[in-house]
Trainee: 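One structure, as structure tokens, below. Some questions next.
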Amino acid sequence: MNDLERDLRNLFDERSRGIDVPELASKTVLRRSRRRQVGTVVVGALACLVAVGVTAAAIGQARHPAVIPGGNGLGERTTSIGGVPVTAPAGWTLVDDWPLAAILPTTSQTCSFSTTGTAVDSHGSPVEAVPSVTPTVGDSGGSSSPSQACSTANLGYPAGVPVLQLANFEVPLMKTVCGLSDQGAPAALPDDGVAVYVGMFPAGTSVSSLATSCPGAIDPAQIASGPMRGLSDTVFGAIAVAGPDASDTDRAIATKYVQNLNGVDVTPIVTPASAAGPGYVMATGQGGDVSWRLEAGVTSFDPQDGTPTVGAAMVTTDPSGEGSRTLEPPPSGTVNDDYVDLGAAGVVQFGTATAHVSGIDVVDSSGNAQPATILPWPAGLGSLPGVAGAPGGWLWYASAAERETVRPVVTSEPTAVPTPTPADIASGERLQTRIDPNGDRVVYGRDLGHDWEIRRIENSFELFIDGSTTPVASAFSTSSWGSTLVDVDGGTFVIGIEDPNTQSFDVTTDPTDQTPSTTIAGRWTPMRDGVGQLGRLWVLALPGSGTGLESMNHELPDFVSWPSQPFHDGSVIAGGGDGTVSWALRWHNDNCFMLLTLGTDPGDTGASQCLPAEATGPRPAMSGVFGSTRATVAMVVSNRPPTTVQAPGSPKGNLQCQDIIFQSNFAGTTICIFSVEVGQTITISLDQNGDPLGGPYTVSANPGSIGISPPGVEMQASPEPLP
Amino acid sequence: MAADTPTLDGRTLVEPDGSAMAELYTRYVPSGIRLAYLLTGDRHQAEDLAHEAFVRCVGRFQHLRSHAAFDAYLRRAIVNLHTSGLRRRRTEREWLRREGPRAAAETTSQRDVGERADLWEALATLPARQRAALVLRYYEDLSERDAAAALSCSLAAMKSLVARGSEALRNQLSTYAPEGDER
């Protein structure tokens, strides 16, 4: 260990021990977490409902499944689905139906309520007839004691809930050769088709029903069954079916598989993470204690109309459970890629590619290229309702020691610049894109006197200008929506990865003595963010220096200034808001920081005086904009020694604090911004090495003023709100 | 419920209830705040970062590949949120500070750490990913492979980040001789 490494370790250790951390969970954080969790569950539940609807719709469409002459080109695949082991012979189709187990209801509950009592008429007098009341022995009447009786019934899935299907033809997704309850007929069985169906049977249902619900059973008496551990009284059942012209070889394959399954104990992962819906198993593998399978299938459902999205899903299973990563076909460009880590066994890289890619190499740091296996999308994906045909292009995968660079082999150059559609033009000007010789998609343009390019490198986007090979801004995006400012000679770029529904993103400059106010509109192109979500990459070019308002979708704007450095009169050194009021802390000089607000209510728009810079004493100082419906307050408190500021009971985002460490009259202070609605109060507590600094303080808002209790806080009166 | 579903003191973590969530917080968030502080150098940002990461991880709890590895997911979320350079509009626009002539003299909000204050300030000048690489290696003590996973980069990129970060610190601080120069 060298001196630097040793000192870094010591420094990190000292610094991390020196910081005060909350030992108990903040209720606000827990509430947010719960909300987030509930939101996830709600979305999941919607998907379930939608999926059932889609299933019904799919079953309603009678399509003859495509028989693939000579098989589908896939190799032998061995995996476990719902805990059920399966090896698909080369050329056969293996369908992972296990996600359906998570989204199909299996039982219904009916409850009846009864009570005892004496019926009375409208005047309160007893009546003789007492219909619909169950007498209870020993009950003399007059008082009520309700009771409840519930019965649970299994829903009608004669063939159980599907787990997997193995067939020598392409079974349409969302269909099974044994049907799916009363929602539709079984998938048509080709004359030479052979299939094995495996389903899950909860308590109260019987595997023997397979004999009547699966047309073409090779031997209705031969039904394999075994327990599904971890699921109370649940078993799996399997049966083989065949068309009249099926070959003896294929019949034997199916029959043998069913025979081998009989009596096998299986332990499924109860919460399948395979994908949102079923998928075709395209490839399988094992590395260390991780097994993986690459599927082509349904990765999500539109929560509004239930339309499925198809894509690739890499499902992994290890001793801790099951996980999946999904990728959709690239909307443009050439390749999407992701990987799963197999520990000491290396990684499996996988992805999707557009049709003009003829091959894919993974290239290590020494330049050694290894070809990936590429597979066509199954045609059966196109049979899903709402899906206009199977995707063009490919899925691919490759094993490697570590995640390597992906290099597509392109046989023909795609269109350099997509032609904007009328809808594109209506929603904003499109950015130019091209595909470089490596097959990478490059966003480019010329603004602020510079030729610029934005390239995605691994999980980040990097901005290059004037042909430089060194980015001027690196890693400015990996996840979540947001934007950043990049200063260059001549101005500042605003670069944002935003929600795909973002229709406008612009900056309206503040007028100056020399220039009137102008609006600079952003341009965009479709782009995935660092975690693969499809969004829009927006670029705005702000010339010179200035201040203004940044607006998205014509919502309440944010304050903005550029360049980000050095500071100039009006520089925004902090900003925030809650959708009702936007605020910014503006630098005018080292002695004067001011708070600006912009409210949806004009009475809440205004500017404070210069904040009290001398508030380095034992008590905080407050100023702000005290509007007609809410007060936005700036509190300055000494940060020597460090002071903890909290607003118990206030929403998390309503208190934002920052230590000021750059040289100015505010150096060594913490400035906190919070808002209070008129008629309400907020409590601010301070802790400076155990000293509450005269607090906690209760701040109440009145139209045009605030009240602080206890007194002793230096407070500046608010000026009149700006018109 | 699968028999091998991870539990926290006997309670399932598939969908943590309120008390289990509080325990998750108590168990993992304090160390997350310390990590975030080393990444940001600012305790307020650190708390915000760790809390945001916690909220996101809990929100996606059902989808985590290994529930038992919550700390690893939290760490990865913190690092990703930090290195993104993006901030959610309205609530997370970062305060502009540091840089050039405005660099802080001695106004750090933390306690004095003596002769290593210069190293702390030099760290603040590193690009986010280089700083994160150093913190993951020398504070979290992660292997290069695990650190690469936490930073969502390749092993080679991880090695490069550590090397470039170390070199930048050596170039800034005369007390550290260049690599290979034994003292």
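Chain letters run A, B, ... following the sequence lines, proteins first, then strands; residues in each count from 1. Heavy atoms only: backbone and side chains are in, while hydrogens, waters and symmetry mates are out.
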Trainee: So what's closer than 4.5 Å to chain B heavy atoms on A:Thr644: side chain, backbone, both or neither?
Mentor: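 Both parts, backbone and side chain.
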Trainee: Atom CD in A:Glu402, atom CD in B:Glu144: separation rounded to 0.5 Å?
Mentor: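 Answer for the CD-CD pair, A:Glu402 versus B:Glu144, is 10.0 Å.
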Trainee: Hey, are the side chains of A:Arg403 and B:Leu155 touching, using non-hydrogen atoms and a 4.5 Å cut-off?
Mentor: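 No. Closest side-chain heavy atoms not under 4.5 Å.
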Trainee: Where on B:Leu123 is there a heavy atom nearer than 4.5 Å to chain A: the side chain, the backbone, both, or neither?
Mentor: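 Interface part for B:Leu123: side chain.
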Trainee: If you round to the nearest 0.5 Å, how far is CG of A:Leu4 from CG of B:Leu119?
Mentor: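 It comes to 6.5 Å.
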Trainee: Taking side chain as C-beta onward, heavy atoms only, is A:Leu11 less than 4.5 Å from B:Leu38?
Mentor: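 SC-SC contact between A:Leu11 and B:Leu38 ruled out.
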Trainee: Tell me, for A:Ala401 versus chain B, whether the close heavy atoms (under 4.5 Å) come from the side chain, the backbone, both or neither.
Mentor: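 Contact with chain B is through the backbone of A:Ala401 alone.
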Trainee: Are any non-hydrogen side-chain atoms of A:Arg9 and B:Tyr139 less than 4.5 angstrom apart?
Mentor: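 In short, these two side chains do not touch, never coming nearer than 4.5 Å.
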Trainee: One pair to check against side-chain contact (heavy atoms from CB on, under 4.5 Å): B:Tyr138 and A:Asp7. What are the steps and the verdict?
Mentor: CA-CA 10 Å; B:Tyr138 301 136; A:Asp7 281 1; over 6 Å; no
Trainee: Using side chain to side chain donor-acceptor pair (under 3.5 Å) as the criterion, list what pairs up with B:Arg75, not counting sequence neighbours.
Mentor: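 For B:Arg75, the residues satisfying side chain to side chain donor-acceptor pair (under 3.5 Å) (neighbours in sequence not counted) are B:Glu140.
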Trainee: Which bit of B:Arg137 is near chain A, if near means a heavy-atom gap under 4.5 Å: side chain, backbone, both or neither?
Mentor: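 Only the backbone of B:Arg137 comes within 4.5 Å of chain A.
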Trainee: Please tell me if the side chains of A:Ser16 and B:Tyr37 come closer than 4.5 Å, counting only heavy atoms from C-beta onward.
Mentor: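 The answer is no, as the side chains (C-beta and beyond) never meet within the 4.5 Å cut-off.
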Trainee: I'd like to check A:Leu8 versus B:Leu169 (side-chain heavy atoms, cut-off strictly below 4.5 Å). Are they in contact?
Mentor: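 Sidechains of B:Leu169 and A:Leu8: in contact.
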